[in-house]
Colleague: 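My questions all concern the structure below.
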There are 2 protein chains.
Amino acid sequence: MKDVAQHAGVSTATVSRVLNGHAAPTPETRERVLAAIEELGYRPNALARSLRTTSTQTLGLVISDLLNPFFAEIARAVEDEARSHGYCVVIGNADESAEQEATYVRTLLDRRVDGLLLCPATDDPSLVREVSAGGVPLVLLDRTVRGATCPVVRADGSEALTALARRLVGAGHSRIGVIAGPPDTSTGRERTDVLTTALGGVAHVVHGDFRQESGSQAAAKLIDDGATALVVMDNLMGLGALGEIRARGLQIPHDIAFAVFDDQPWFPLLDPPITVIAQPTVEMGRAAARSLLALINGRQPDDVRLTAKLVLRGSCGEAEL
Amino acid sequence: MKDVAQHAGVSTATVSRVLNGHAAPTPETRERVLAAIEELGYRPNALARSLRTTSTQTLGLVISDLLNPFFAEIARAVEDEARSHGYCVVIGNADESAEQEATYVRTLLDRRVDGLLLCPATDDPSLVREVSAGGVPLVLLDRTVRGATCPVVRADGSEALTALARRLVGAGHSRIGVIAGPPDTSTGRERTDVLTTALGGVAHVVHGDFRQESGSQAAAKLIDDGATALVVMDNLMGLGALGEIRARGLQIPHDIAFAVFDDQPWFPLLDPPITVIAQPTVEMGRAAARSLLALINGRQPDDVRLTAKLVLRGSCGEAEL
DNA sequence: GCGCAGAAGTTAATCGATTACACACCTATG
DNA sequence: CATAGGTGTGTAATCGATTAACTTCTGCGC
């Protein structure tokens, strides 16, 4: 920057003013500075700028698993929204581990992100408190924690789950296997609670860990226990469960009915296509980014609750269109 | 930091020494400083540190599309490898757009990443030159550019493609549709060249853009043209092509043989399971990260060429296991 | 011709760390 | 006992930007 100033025959203050579009500099001075910048190929040092202004124009996003397309879509949406407001997003991959999550959150805070979006790995509010104590704007996404005091953006699947339960029971299923998320995540618990309540006494719940492998294991167990229908609470576990069903040579929906929470582009390609509860991932991501930006700008956004929708495709034996 | 120093009754220099594990400070002083840090909940400002040391311990990774599981896996692998060496990764999503790619690269450079991993959207070497001119370590991943002078990490599918071609021709196909990537990407061109050469004259090539929609369109066109086999050069376009095949009610492999470049966890679940050419994504990501770290540490890593493998599953009419 | 307002630009402090150099003190040595 | 060498800390410069406060210049009114 000093070089540029010298080259243009002005002070660094003037260069800075040109860079930041201040009113002061003469069009002529501005021209000279821009020419010098061009000539020297100067690029401002964002670190120094941020250090001085205490603003990085960056949001942190800590998600549970990049390989889960659900989170990948969310990440994409967050990024789009953030970019359109002149912000960058740094993504941290917690890998469903509370410890790695904490590490990432701290790293991002150390780098002074202007705000943080978090899909918490567990219910435990201590990390959230730590962030809030640091005064960093925080929005929770997809999952919440006990006694959260910050805005939360999530999808509500109650209606869809209830409708699904009615259909399954209506179709005469009396042993319905539920592959749930970990009991110490809000989504793991809430979805399961709603579904089991709606199902009355016919639900058999096995908890997985939102990974494919746990889906196969849970499916194996539930099928052994005589389940005639399987509802899986996440797409990765759904993948695992499907593998197990195939491996046993069972026919959907004849031998076993099947539904998954989370839609995926390839579910319609299966035979039969898979009935799902689709979450509005893109809207979730965008809404979360918007809430966070609002918080950064000193406003107090409300919680956002979007609705997940039941998409019937045939894997539960329903009439196809 | 000043507060911590005051609290512990030492100078900031000593605090810094404790923080950075220098030999100097007495165990007793060290204790006092650590206590003060603990008590005040102090966290060092990474921006200031980086400004002073000119090292951010951060790698930039610019990929074409986060929603493409192929790149998501790579990103994951890069991140793992980087973390194990004490580095963070900032991911930029270029969305297959050269313009957005350039924007991201510049943003990352402005933030002074220690090195950059790039999956270039096009062949055009100008962006690569710009980075090199800035003296920032750079490694290309998956794709290369014309006249690249930096290390490149990619998968070689020649053998697998040739083997696949032999099988298709051997099975009597005489109109084989190829859905290729854009001709201005190295992977788009090279894979297609190898395959068409191996197929002799029976290939009909349509170029897509690595997106699902273009896969359906290309498939439609090729099927209309009487193709009895379809080879798709990327999993997203594969998804689109499969949708088109399903929509027309065609049976794989009876009506049409089908194979995809890139494996996906759900391909084995289709009926029949999809024959693929699997790329070693995790190894690619790790190798790229390692090469970049080597470059950062002043070594000159060689190009890495991993091999993609043909996985026969039945969708080309081959005998199943 | 004088004073003064307003514009354009400069000087220098600042953000929060790192680190070369200086300094004080302590021991071992000839 | 003077001196050399080592050890633990403090002082202050530095990284590259922003910006408050100040200076200089211009033009205008009376």
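Throughout, a chain's letter reflects where its sequence line sits, starting with A, and its residues are numbered from 1.
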Colleague: Suppose the criterion is side chain to side chain donor-acceptor pair (under 3.5 Å): which pairs have a residue in residues 22-42 of chain A, not counting sequence neighbours?
Modeller: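 Only A/His7-A/Glu39 qualify under side chain to side chain donor-acceptor pair (under 3.5 Å).
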
Colleague: Whole angstrom is fine here: how far is it from NE2 in A/His22 over to P in D/dT18?
Modeller: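 One finds 8 Å between P of D/dT18 and NE2 of A/His22, rounded.
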
Colleague: In the 5'-to-3' direction, what one-character label does each nucleotide of nucleotides 9-17 of chain D receive under the scheme B = base within less than 4.0 Å of a protein heavy atom, S = sugar-phosphate only, - = no such atom?
Modeller: BBB-BBBBB

Colleague: Report the residues that fulfil side-chain hydrogen bond (donor to acceptor under 3.5 Å, both in side chains) with B/Asn297, sequence neighbours left out, ordered by chain and then residue number.
Modeller: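 Testing B/Asn297 for side-chain hydrogen bond (donor to acceptor under 3.5 Å, both in side chains), a comparison that skips the adjacent residues, returns none.
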
Colleague: Between side-chain atoms of residues 127-134 of chain B and protein atoms elsewhere (two or more places apart, or another chain), which donor-acceptor pairs fall under 3.5 Å?
Modeller:
unit_1	atom_1	unit_2	atom_2	d
B/Glu130	OE1	B/Arg106	NH2	3.1
B/Glu130	OE2	B/Arg106	NE	2.7
B/Ser132	OG	B/Val128	O	2.9

Colleague: In chain order, what residues pass the side-chain hydrogen bond (donor to acceptor under 3.5 Å, both in side chains) check against B/Ser126, with sequence neighbours excluded?
Modeller: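 side-chain hydrogen bond (donor to acceptor under 3.5 Å, both in side chains) check on B/Ser126 returns B/Asp124.
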
Colleague: Taking only residues two or more places apart in sequence or in another chain, which ones pass side-chain contact (heavy atoms from CB on, under 4.5 Å) with B/Thr58?
Modeller: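 Checked B/Thr58 against side-chain contact (heavy atoms from CB on, under 4.5 Å); matches are A/Arg111, B/Thr56, B/Cys88, B/Val90, B/Val113.
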
Colleague: If an axis is fit to five pairs at each end of the helix from C/dG1-D/dC30 to C/dG30-D/dC1, what is the angle between the two, to the nearest 10°?
Modeller: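 End-to-end axis angle: 70°.
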
Colleague: Table please: side-chain donor-acceptor pairs of residues 136-147 of chain B below 3.5 Å, with sequence neighbours left out.
Modeller:
unit_1	atom_1	unit_2	atom_2	d
B/Arg143	NH1	B/Pro120	O	3.2
B/Arg143	NH2	B/Glu96	OE2	3.2

Colleague: Closest heavy-atom contact between A/Ala75 and A/Ile91?
Modeller: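 That would be CB-CD1, 4.1 Å.
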
Colleague: Could you list the residues that satisfy side-chain hydrogen bond (donor to acceptor under 3.5 Å, both in side chains) with A/Gln100, not counting sequence neighbours?
Modeller: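 By the side-chain hydrogen bond (donor to acceptor under 3.5 Å, both in side chains) rule, A/Gln100 matches B/Arg83.
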
Colleague: Under 3.5 Å, side-chain donor or acceptor atoms of residues 60-74 of chain B against the rest of the protein: list the pairs with distances, not counting sequence neighbours.
Modeller:
unit_1	atom_1	unit_2	atom_2	d
B/Asp65	OD1	B/Leu67	N	2.9
B/Asn68	OD1	B/Phe70	N	3.0
B/Asn68	OD1	B/Asn235	ND2	2.9
B/Asn68	ND2	B/Asp234	OD2	3.2
B/Glu73	OE1	B/Thr281	OG1	2.6

Colleague: Using nucleotides 22-24 of chain C, report all nitrogen or oxygen pairs with the protein that are shorter than 3.5 Å.
Modeller:
none

Colleague: For B/Arg76, which residues count as a side-chain hydrogen bond (donor to acceptor under 3.5 Å, both in side chains) partner, sequence neighbours excluded?
Modeller: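 With neighbours one apart ignored, the set is A/Asp95, B/Asp80.
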
